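As a basis for the values below, the full set of heavy atoms in this structure was taken, side chains included, without hydrogen atoms, waters or symmetry mates. Computed from a prediction, not measured in an experiment: that's the story for all the values here.
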Amino acid sequence: MSNENPPKLENWRVKYGALIIAISCLCSVFITWGNNWILTCILGLGVLICGTIGIFDIRRTITGKR
């Protein structure tokens, strides 16, 4: 089984997983805005960190195909 290609869902998760997490953190930031500032700050940092990781993952896969 190690010689087989990984499933399409696994490839998609590796490529776009961090970006989806960043988008969900961003939605949570909008929902909790003003109610709990500590949670808003933590989720805002999650948007920045996961978004950066997601962008670099996408750039890595694009440059890896060339």
Side-chain angles (χ1 to χ4, degrees):
M1 286 192 100
S2 63
N3 293 337
E4 294 179 11
N5 291 334
K8 287 185 179 183
L9 183 62
E10 181 68 24
N11 288 336
W12 188 87
R13 185 192 61 81
V14 168
K15 196 184 288 186
Y16 301 111
L19 205 57
I20 297 299
I21 292 172
I23 291 170
S24 65
C25 282
L26 184 64
C27 292
S28 297
V29 165
F30 288 140
I31 291 170
T32 62
W33 190 264
N35 294 332
N36 188 348
W37 287 105
I38 295 172
L39 181 62
T40 303
C41 291
I42 291 171
L43 290 171
L45 287 174
V47 169
L48 293 175
I49 293 169
C50 291
T52 304
I53 292 171
I55 289 170
F56 282 118
D57 283 347
I58 292 172
R59 287 180 67 195
R60 182 176 40 103
T61 57
I62 290 172
T63 56
K65 290 182 180 179
R66 292 183 184 168

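The closest donor-acceptor contact from the side chain of T61 to the backbone of K15 lies at 3.5 Å or more, if one exists at all.
Side-chain atoms of I20 and W12, non-hydrogen and from C-beta on, do get closer than 4.5 Å to each other.
Taking CD1 of I53 as the start and CG of L48 as the end, the distance is 11.0 Å to the nearest 0.5 Å. Here CG of L26 is found 11.5 Å from SG of C50. Values are rounded to the nearest 0.5 Å.
Taking every heavy atom of both residues into account, T32 and T40 meet most closely at O-OG1, 3.2 Å. In plain terms, the two heavy atoms of V47 and A22 that are nearest each other are CG2-O, 3.7 Å. Taking both residues in full, the closest heavy atoms of S28 and L43 are given as CB-CD1, 3.5 Å, listed atom of the first, atom of the second, then distance. The nearest pair of heavy atoms linking G51 to L19 is O-CD1, 4.2 Å.
Of the residues listed (I23, D57, I21, I58), the one engaging Y16 in a side chain to side chain contact (heavy atoms under 4.5 Å, CB included) is I58, and it is the only one.
Following chains of ILVMFWY side-chain contacts shorter than 4.5 Å, one can reach L39 starting from W33, so the two form part of one hydrophobic cluster.
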